[in-house]
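Some notes on the structure that comes next.
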Amino acid sequence: DKFKDGLSKSRKSFAERMNNLVKRYRKVDEDFFDELEELLIESDVGMTTVMDLVDRLKNESRTRNIKDTNMLKDVIVEVLSEFLTKHKEETRLNLNPSGLTVILMVGVNGAGKTTTIGKLAGRLKNEGKSVLLAAADTFRAGAIDQLQVWGDRTGVDVIKHQEGSDPASVVFDAMQAAKSRKIDVLLCDTAGRLQNKVNLMKELEKIKRVISRECPGAPHEVLLVLDATTGQNALSQAKLFRQASEVTGIVLTKLDGTAKGGIVLAIRNELDIPVKLVGLGEQLNDLQTFDADAFVYGLFS
Ligand code: GDP
């Protein structure tokens, strides 16, 4: 139901337009496929994925001898689900069963990193885990205070230095604190300066070195936070971050704020990184583990 609520804008736009298309055409032909293609592109599914999808649908309609658009609609739902689930990836977070888990959050400013860390801290605490936050976005004005607000809200301590200080040294202190307090999960915020790719890469490398030196095997997750409302930009950001760091999972935020939920399909089809979490609102409970079936259901019903 959370998915259904969160996807209401996408559902309105996508499902309604598709229903109209189906009614208007009745017969499956080239024009129908052209318009379907356009609808998918406008829903941010992304050109490569749209081509794959439409090819697949054309094939299915031919082999199954489907001439009626209404019947093809079921196949569309089926094929979309298949695209979303074809990589049977692990969407659960990789948590260390014994000892400290370190999760590094990366992504451009405004994508929703801090908010996601807050939500995740709340969720992990609810599961009975002890959590600590590292305010290693020392670059963006207000980032440290904003993380502290989430720390207060969830009752989780924040390790922080002054704005402008070395993020790796914040992370070093946080690692010491996490180890001495026997914390279960340390969540590290980072700065998202994509303007300077070399610096970003160096900074992330340095942070990761500190983490793995202090805790072999860590970080257990590097989660890339992407804003779903930025559409194809999110996709190109993902490609850049993938070069800068080894991303283990994607958090797609603000799905509630876009009518173009199709971006999930593009991400799943064009990147080899699983979508692990999705943000469906600004509140503490608006973070969900990604579930492809619930997603398709939320989009169509
Ligand atoms: P950061 O710069 O990456 O740390 O981004 P923030 O966490 O500060 O988020 C930027 C804005 O996006 C804030 O106003 C958040 O409340 C909002 N936001 C984050 N996640 C979501 C989401 O899933 N849905 C909605 N509607 N807003 C979100």
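Note: hydrogens, waters and symmetry copies are ignored here, and every other heavy atom, side chains too, is used. One-based numbering, in listed order, for ligands and for the atoms of each. Positions are given from 1 along the sequence.
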Protein contact of [atom] - nearest heavy atom, named by residue and atom, plus distance:
atom                    : answer
atom 24 (N) of ligand 1 : D256 OD1, 2.9 Å
atom 16 (O) of ligand 1 : E282 OE2, 2.6 Å
atom 7 (O) of ligand 1  : T115 OG1, 2.6 Å
atom 4 (O) of ligand 1  : T114 OG1, 2.5 Å
atom 18 (N) of ligand 1 : K254 CE, 3.8 Å
atom 5 (O) of ligand 1  : G112 N, 3.0 Å
atom 10 (C) of ligand 1 : G110 O, 3.6 Å

Find all atoms of ligand 1 within a distance of less than 4.0 Å from any non-hydrogen atom belonging to [X], and give their numbers and elements.
X    : result
R140 : 1 (P), 2 (O), 4 (O), 8 (O)
Q146 : 6 (P), 7 (O), 8 (O)
K113 : 1 (P), 3 (O), 4 (O), 5 (O), 7 (O)
L280 : 23 (O)
G279 : 23 (O)

Would you check whether [X] reaches within less than 4.0 Å of ligand 1, judged by its heavy atoms?
X    : value
V225 : no
N109 : yes
V108 : yes
G281 : yes
A111 : yes

>> Run the salt bridge (charged side-chain N to carboxylate O under 4.0 Å, His left out) test on D29 and K67 for me, step by step, so that the C-alpha distance in whole Å, both residues' side-chain angles and the decisive distance to 0.1 Å come before the verdict.
In response: CA-CA 8 Å; D29 59 15; K67 299 207 164 64; over 6 Å; no
>> Applying salt bridge (charged side-chain N to carboxylate O under 4.0 Å, His left out) to R64 and E60, what does each step give before you reach the verdict?
In response: CA-CA 6 Å; R64 298 197 211 174; E60 289 294 322; 2.8 Å; yes
> Between L104, V185, T248, which is the residue that forms a side-chain contact (heavy atoms from CB on, under 4.5 Å) with E221?
Replying inline: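 Of all the options given, the one that passes is T248.
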> Please walk me through it: do K260 and E42 pass salt bridge (charged side-chain N to carboxylate O under 4.0 Å, His left out)?
Replying inline: CA-CA 7 Å; K260 300 182 170 188; E42 282 169 16; over 6 Å; no
> Which bit of L287 is near ligand 1, meaning a heavy atom under 4.0 Å away: side chain, backbone, both or neither?
Replying inline: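 For L287, there is no contact with ligand 1 at all, from either part.
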> Backbone, side chain, both or neither: what part of K119 comes under 4.0 angstrom of ligand 1, heavy atoms only?
Replying inline: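 Answer for K119: side chain.
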> Is it true that the NZ or CZ of K27 lies under 6.0 Å from the centre of F32's six-membered ring and within 45 degrees of the ring axis?
Replying inline: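 Pair K27/F32 does not count as cation-pi.
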>> Could you tell me if the side chain of L80 sits less than 4.5 Å from the side chain of L84, heavy atoms only?
In response: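 No, their side chains stay 4.5 Å or more apart.
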>> Measuring only between side-chain heavy atoms, which start at C-beta, is E82 closer than 4.5 Å to R56?
In response: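 Yes, at least one pair of side-chain atoms sits under 4.5 Å.
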> What pairs of residues pass the salt bridge (Lys or Arg N to Asp or Glu O under 4.0 Å) test when at least one of them lies in residues 223-236, not counting sequence neighbours?
Replying inline: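 Every pair satisfying salt bridge (Lys or Arg N to Asp or Glu O under 4.0 Å) with a residue in residues 223-236: D227-K254.
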> salt bridge (Lys or Arg N to Asp or Glu O under 4.0 Å): which pairs involve residues 236-253, sequence neighbours left out?
Replying inline: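 Passing the test, one end in residues 236-253: K239-E270.
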>> Run the salt bridge (charged side-chain N to carboxylate O under 4.0 Å, His left out) test on D173 and K160 for me, step by step, so that the C-alpha distance in whole Å, both residues' side-chain angles and the decisive distance to 0.1 Å come before the verdict.
In response: CA-CA 9 Å; D173 281 356; K160 57 188 179 186; over 6 Å; no
> Do the ring planes of F295 and F3 sit parallel (below 30°), tilted (30 to 60°) or perpendicular (above 60°)?
Replying inline: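 The rings of F295 and F3 stand perpendicular, inter-plane angle above 60°.
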> Counting distance only, does the side-chain N/O of R11 pair as donor-acceptor with the main-chain N or O of G298 below 3.5 Å?
Replying inline: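 Yes: the side chain of R11 pairs with the backbone of G298.
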>> Is there a polar contact between ligand 1 and T253, counting only N or O atoms under 3.5 Å apart?
In response: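 Between T253 and ligand 1, no N or O pair is found under 3.5 Å apart.
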